[in-house]
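This structure is a prediction, so every number in the text was calculated from the model and none was measured. Letters go in sequence order (proteins before strands), and every chain restarts at 1.
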Protein chains: 4
Amino acid sequence: MATAADNKARIGVLGASGYTGAELVRLLLRHPEVAIVLLTADRRAGQEMRQVFPQFAPFDLPVLQSIEGMDWVGAGVDLIFCALPHATTQKVVRQIFGALPAAKVVDLSADFRLADTAAYARWYGHEHHAPELQRQAIYGLVEIYREQIKHAHLVANPGCYTTCAELPLIPLIRAKAIDPDEIVIDAKSGMTGAGRSAKEEMLFSEVSEGFNAYGVGHHRHMAELDQEFSKAAGREVVVSFTPHLVPMNRGILSTIYVRGLKRSPEDLQAILSEAYAKEPFVHVLPFGAVPQTRHVRGSNMTFIGVAKDRVSGRAIICSVLDNLTKGASGQAVQNMNLMLGFPETMGLEQVALFP
Amino acid sequence: MATAADNKARIGVLGASGYTGAELVRLLLRHPEVAIVLLTADRRAGQEMRQVFPQFAPFDLPVLQSIEGMDWVGAGVDLIFCALPHATTQKVVRQIFGALPAAKVVDLSADFRLADTAAYARWYGHEHHAPELQRQAIYGLVEIYREQIKHAHLVANPGCYTTCAELPLIPLIRAKAIDPDEIVIDAKSGMTGAGRSAKEEMLFSEVSEGFNAYGVGHHRHMAELDQEFSKAAGREVVVSFTPHLVPMNRGILSTIYVRGLKRSPEDLQAILSEAYAKEPFVHVLPFGAVPQTRHVRGSNMTFIGVAKDRVSGRAIICSVLDNLTKGASGQAVQNMNLMLGFPETMGLEQVALFP
Amino acid sequence: MATAADNKARIGVLGASGYTGAELVRLLLRHPEVAIVLLTADRRAGQEMRQVFPQFAPFDLPVLQSIEGMDWVGAGVDLIFCALPHATTQKVVRQIFGALPAAKVVDLSADFRLADTAAYARWYGHEHHAPELQRQAIYGLVEIYREQIKHAHLVANPGCYTTCAELPLIPLIRAKAIDPDEIVIDAKSGMTGAGRSAKEEMLFSEVSEGFNAYGVGHHRHMAELDQEFSKAAGREVVVSFTPHLVPMNRGILSTIYVRGLKRSPEDLQAILSEAYAKEPFVHVLPFGAVPQTRHVRGSNMTFIGVAKDRVSGRAIICSVLDNLTKGASGQAVQNMNLMLGFPETMGLEQVALFP
Amino acid sequence: MATAADNKARIGVLGASGYTGAELVRLLLRHPEVAIVLLTADRRAGQEMRQVFPQFAPFDLPVLQSIEGMDWVGAGVDLIFCALPHATTQKVVRQIFGALPAAKVVDLSADFRLADTAAYARWYGHEHHAPELQRQAIYGLVEIYREQIKHAHLVANPGCYTTCAELPLIPLIRAKAIDPDEIVIDAKSGMTGAGRSAKEEMLFSEVSEGFNAYGVGHHRHMAELDQEFSKAAGREVVVSFTPHLVPMNRGILSTIYVRGLKRSPEDLQAILSEAYAKEPFVHVLPFGAVPQTRHVRGSNMTFIGVAKDRVSGRAIICSVLDNLTKGASGQAVQNMNLMLGFPETMGLEQVALFP
């Protein structure tokens, strides 16, 4: 099963040994208009992808390379997915554009998500290393920024938690249906969201059969949420957000408590239904129904449900997505499709894998 | 390994084929002052306990009986744990007291938890079948009602979700440190909380690798929470509560959002630390630390952590317990110990099983 | 996302509310040459598929019908997948062929797998209800019976355990490289293999965090294994087979102990490599490598590894597949492709979902 | 909940930051005749045990120390559990006996399990560093070597896989009921058996929802199995053994294929029943019943079941234990009880935690 490259867009994946890298390869292998021509993984350079992820054993894929000393011009890529750790990314993306001004980049790190350089410095503790790129980057939440993405050279793919919370909340804030100062997001994520680095607290026996919150009161995804909610509200908004880890691989569920409703809970559902009526990857459930992460597993779908709280003037919204697909690599491919002029759903049609 | 009955309190467990029944047997088998003399399980009557729960194969236990036509006098029990389904319970407990006026009962169902008969009728859709007993029943949250429990004949063992939320919140409401009208409880429970009945949505393949909310906006535990929080506040309180199911067997974590703080978040931790300083089964973590369900698995402990929210005037409290132990059968044994005059921790000393 | 039916093969799925039914729908929804025009589920008749499997909410699918009184002619189906319980199947398939002599059927039950009517009666305790169909049915192990399947009207889709054991063993038995009387198969399956019926022993809390064998010494898949191994050996073979349940959803791993080797363990790997060199869905690993179920999850792949045992003259073979895909519905679609003249891999190209 | 030390045996645990260390602390905390006076963990030296294992937060325990420069005399321990990595152990145990000739040691590593120094060198690739101690060490499989253990100074606690296979097989080999050259052990272990070191292949997302064999054809536990089976047979025996990893925390199940039976399968069950009739920690199930790992979780029990194979002259034995309890720390405490003259079951009475 070789991947022929004739007439296809030439794609590179930097950081192919991580989970978002593997998810990109899974999706791109079946995309009819692209060919994977470059894979990098610094610590595994020289190895075959099948040694790092045995599920790819039946496929022909490029040998893993190191980014060090990479000949970007020789690589001849049309678009690069950058799934590298924070900070490294800024330097690498600047290098890429230096060598290949016409290339396009979808960055899956958090490095280019904050448009405000001051906010970046405050949250990350240092000045941005590529502020000129930071200013050009388009925030890749497709359903909200579709038109800008089509013309972007650098897309900052949104975070998994943030995608899951922004899709239900932005239309409601824009419609002034809820009080933006009163949003509480209680988010729960599967373990792939924590990445593939070998840490004691991520071992199976530490995680299985247990549940916990983490980053209570301080988590970098807050900056991204604040930015987008403030933009939607037209003024500064600060959100309360608490992430938790679920003993499962994939999936995020956000339970979102909204109050100060200017409209009925049923109306909130109607606003979202209308906002997403034509969207292929957002499905709003009937009022009162609650979505489950398992029903979007491995797909690029987001399911959203709205229910009444027993306290009047409040509502409870649940939204789910697969953190590796719509929450990362699926949305990245959706961005690529827009940037390269392919149909937006191409390569993303797979139905959720349940059970 | 026989259980000798000489001079020991004679104990019955009704509903021994369910999970709370099994947990009672697990604990009582190692309690030095009691003997299990009666086990019932209507659909499994005539079977050995080892057929229903093979972990008890090494132990001598009474054959399972049916409650139908039970000779309560002949059974000669000193105390009965009632782990029967809702509604059945009311009739059975009345029967028991009719036959054995001196017996004591710890009821693990929700039937006697609501002191207000009107509230009961509203939440359950029918009049209570034993209102005179409902009025006598003591709510068995030991850390709050210890003295009354010592003299009780009928104890209504609290629910798992409610125990987990009430232990951190009652002292704070009593201290007027938080606004009782603004409590939001986002609770997550392991699957044993849903019981042992064979339902499609509880199959392994439906539950594993997924996460979801349920009963959004309406869950009977709310009535119990309202009752206890209203009592603590000295006025009517309505709480917002959303339960979720975690793909794990045991454990509840409540993420509790409080606001309208009259005291600093650090003070909330101090109030709880002081309130529970001498309690053997409640442990308050240092400020900012977050508890994990896995660290109380199989034990009767509750761990509580308090952290600052990034929005000022708010705090986030996490509390954890094992829903089958402190959330059900462990607390029931703790109640039994008080009712029979044994040391409160007897038979409950096991350390959490982690990993 | 509607499924247009113009010029496409018209497909029915009987028993769409079970896991193999859902897996068929997942695969068929993305198959470019077919349209799902009929779905049945007796107990859920009248419901939408999204009520039974919410992952299909974004898709237009036929309403679930009952088989009772079905108008097979009106349904106008070209091919029917039959995912019904044992015994029902025989009657329904006879009905279908009575009404639609030109229709084709892929049956996922065990009803037509045994060619020998006497063997059927012995294992199932009664005479076959459609012996004339039993004789016509082709055993749908594609890699072995491809040519016959192309011309078949009724294909008996193999069992999951049997596919996993037959793919590695049939070439070795045919090559007389191992002693067929000495095969020991220790098989481990995920829980979806046990189906979706609500049974106590399949509840999450009964299955999670534990492992066990079942059906030790007697399991109906043995009949199917005996049949195929006997055919390959040219004489009667009796196999030792022990299934186990793993706390996971999908996947089977067979650890196969072979002895009486006429060739080296390395040669066994070479025989298999050669036998499957051109097969799109069977991948033989380098000698000594061991496959993992997670690396074929959701795909139609089988991975096979051969290793040396420390006792000379013996080898250990591990093979893995996804019990719902290659072990059931994926293989069924592969059969359909052959029967309807489509490319064999069509609709089955999805890459394994790991992690 | 302090641990008073008056008149109690003074116990040290070396390597307390690993899983077997934590399991020792869990058991010893509730043992009425011992006090934990020394805990070491080199990389965590200076920390509190609650930082390493938060479940111990409610308990007073010694601060973790480094072994480097340990004042063994000052520590004043009566018995030391050594849960250190391979090789380190040999040097440390020699040091301990040098400083404290009267101390007793239970070693949980593999370092002293092989009595034959040549076998040790062959399997571990170097000469033993403390051969004089290796010769003195008693193999701590209590049910087989109880009398020698009572007088031992150094006990080599058996491995988890080996305990699980030796308990059912040694009585059968001794009785000459099976052919010792034909034993095939297919073993499946929970993940805690792999320890707590941070390795990529042990991350939750690598392990969950999957199953695999490892160490096929070569695993150091084989040396231990060979030794004990050869001793039981009175001649050299070589065993076939294949370990697998189950996505669960605790538990081992060994499926053991025996053949060349000199007695009926029913007789095998009878031999084991009789051999273990008085043993508190080994329970032989009725003929044909199969044990499950979940029913011994957290307990010191071993359950054994014997069933008929469909091939005559063969039988299938399943045995289960908790790898951290009877497979490691529970058995270590059982050894301690014998060495210090306590009742053998003291501190080990906890009933299995299911569900």
Side-chain angles (χ1 to χ4, degrees), chain B residues 16-23 26 41 43-44 47 51-55 57 160 188-214 244-252 293-294 297-298 322-325 327-329 353-355, chain C residues 16-23 26 41 43-44 47 51-55 57 160 188-214 244-252 293-294 297-298 322-325 327-329 353-355:
Chain B
S17 62
Y19 293 144
T20 52
E23 183 78 348
R26 176 175 82 90
R43 279 174 309 139
R44 313 296 293 261
Q47 295 187 16
Q51 296 172 264
V52 177
F53 284 112
Q55 72 266 35
C160 48
K188 298 88 173 173
S189 173
M191 287 302 299
T192 52
R196 204 190 197 188
S197 49
K199 294 179 189 159
E200 184 183 285
E201 71 265 28
M202 286 162 57
L203 296 179
F204 181 86
S205 300
E206 304 286 317
V207 171
S208 175
E209 269 293 302
F211 187 84
N212 62 287
Y214 70 102
H244 301 72
L245 287 176
V246 186
M248 64 181 185
N249 286 335
R250 288 170 176 253
I252 290 182
T293 63
R294 48 183 73 78
R297 186 188 307 148
D322 183 320
N323 56 297
L324 288 182
T325 320
S329 305
L353 191 77
F354 172 79
Chain C
S17 63
Y19 293 143
T20 52
E23 184 77 349
R26 176 175 81 89
R43 279 173 311 137
R44 313 296 293 263
Q47 296 188 15
Q51 296 172 265
V52 177
F53 283 112
Q55 72 266 34
C160 48
K188 299 88 172 173
S189 173
M191 287 301 299
T192 52
R196 205 189 196 190
S197 50
K199 294 181 189 159
E200 184 182 286
E201 71 265 28
M202 285 162 57
L203 295 178
F204 181 86
S205 300
E206 304 286 317
V207 170
S208 174
E209 270 291 300
F211 186 85
N212 61 283
Y214 70 103
H244 301 73
L245 287 175
V246 186
M248 64 182 184
N249 286 335
R250 287 170 177 254
I252 290 183
T293 63
R294 48 184 72 78
R297 187 189 305 149
D322 183 321
N323 56 298
L324 288 182
T325 321
S329 305
L353 192 78
F354 172 79

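Looking only at distances, no side-chain donor or acceptor of B/Thr20 sits under 3.5 Å from a matching main-chain atom of B/Ser329. A distance-only check finds no donor-acceptor pair linking the side chain of C/Asn249 to the backbone of C/Thr192 [under 3.5 Å].
The greatest number of non-hydrogen atom pairs below 4.5 Å with chain B, out of C/Ala198, C/Ser205, C/Pro247, is found for C/Ser205. Per-residue counts of heavy-atom pairs under 4.5 Å with chain B were compared for C/Met191, C/Met202, C/Lys199, C/Arg196; the largest is that of C/Arg196.
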For this session: Apply the test side-chain hydrogen bond (donor to acceptor under 3.5 Å, both in side chains) to residues B/Asp322 and B/Thr293: give CA-CA distance (whole Å), side-chain angles for both, the deciding distance (0.1 Å), then the verdict.
Result: CA-CA 7 Å; B/Asp322 183 320; B/Thr293 63; over 6 Å; no
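Of the atoms belonging to C/Glu201, not a single heavy atom falls under 4.5 Å from chain B.
Below 30°, between 30° and 60°, or above 60°: for C/Phe53 and C/Tyr19 the angle between ring planes is between 30° and 60°, a tilted geometry.
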